[in-house]
Amino acid sequence: MTTQYWLVKSEPATYSWDDFVRDGRSDWTGVRNYAARLHLNAMRRGDEVMFYHSNDGKCIVGIARVTQPAFPDPTADEPGLPASGGAKGGQGWVAVELAPLAPLPRPVTLAQCKADAVLKNTELLRQSRLSVSPLKPTEFTRIKKLAKHSA
DNA sequence: GCCAACGTTGGC
DNA sequence: GCCAACGTTGGC
């Protein structure tokens, strides 16, 4: 099975990479956006996920791994309904479980992504408010490569 | 079903 | 602190 790649955002003031590493794993709950939910539902165990610090940081800081695919978000009003249950399914929100895989040697900044020919068209940049977005394998590889060089 | 008003996110 | 982008809500 081919590994898929994703990017999730977190405000470090709320939940930082360091918090994530300390916890060793995290249920990625509270996503209340249909496009983001679509992506959560498409995640499979073992997919790799870039961890982005929004607001304070504005950089990609580490790589996580999907350890549990989508399950009903326990923080939703009515968890457990089928997530595919119709366009108006305000319920049926889902979460996934992520675990830290490795920090990036150097964070990759938003400015670097914008300036990069490969990364300038990522969903992260095209739709800046989307909290969970897909990455193409080429984009994922590019981020890893940029993380090896000085900013 | 359209659209204006409003709230939220997130970069600057 | 401001503002742009986007989603949601509610009047009609």
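Order of the sequence lines fixes the chain letters, A, B, ..., with proteins taken first and strands second; residue numbering starts at 1 for each chain. In this text, all values refer to a predicted model and were calculated from it rather than measured experimentally.
- Bracketed by its first and final contacts, the part of DNA chain C lying under 4.0 Å from non-hydrogen atoms of chain A reaches from C/dA5 to C/dT8 in 5' to 3' order.
- Partners of A/Asp47 under the salt bridge (Lys or Arg N to Asp or Glu O under 4.0 Å) rule, at least two apart in sequence or in another chain, do not exist in this structure.
- Contacts between residues 114-123 of chain A and DNA chain B, defined by a heavy-atom separation below 4.0 Å, involve A/Lys114, listed by number.
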- Task: Any chance you could lay out the side chain to side chain contact (heavy atoms under 4.5 Å, CB included) test for A/Leu40 and A/Trp6, step after step, and finish with the verdict?
- Result: CA-CA 9 Å; A/Leu40 288 179; A/Trp6 310 95; over 6 Å; no
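- In this structure, the side-chain hydrogen bond (donor to acceptor under 3.5 Å, both in side chains) partners of A/Thr67, at least two apart in sequence or on a different chain, are A/Glu97.
- Across all strands shown, A/Leu130 has no heavy atoms under 4.0 Å from either base or sugar-phosphate atoms.
- The side-chain hydrogen bond (donor to acceptor under 3.5 Å, both in side chains) analysis of residues 118-130 of chain A, with sequence neighbours excluded, yields the pairs A/Glu123-A/Arg126.
- Under the rule for a side-chain contact (heavy atoms from CB on, under 4.5 Å), the partners of A/Arg22 that lie at least two apart in sequence or sit in another chain are A/Asp18, A/Asp19.
- Annotation: side-chain hydrogen bond (donor to acceptor under 3.5 Å, both in side chains) contacts of A/Glu139 (sequence neighbours excluded): none.
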Would you list the atom pairs, donor with acceptor, under 3.5 Å between side chains in residues 48-65 of chain A and any protein atom, with sequence neighbours excluded?
from, atom 1, to, atom 2, distance (Å)
A/His53, NE2, A/Trp17, N, 3.0
A/Asn55, ND2, A/Glu11, OE1, 3.1
A/Asn55, ND2, A/Glu11, OE2, 3.3

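- Under the rule for a side-chain contact (heavy atoms from CB on, under 4.5 Å), the partners of A/Ala35 that lie at least two apart in sequence or sit in another chain are A/Asn33, A/Leu130.
- Taking a 4.0 Å limit (strictly below) on heavy-atom distances, residues 8-18 of chain A does not reach DNA chain C anywhere.
- For the side-chain hydrogen bond (donor to acceptor under 3.5 Å, both in side chains) test, no residue two or more places apart in sequence or in another chain qualifies with A/Ser133.
- Scored by the salt bridge (Lys or Arg N to Asp or Glu O under 4.0 Å) test, A/Asp27 finds A/Arg25 as partners (sequence neighbours excluded).
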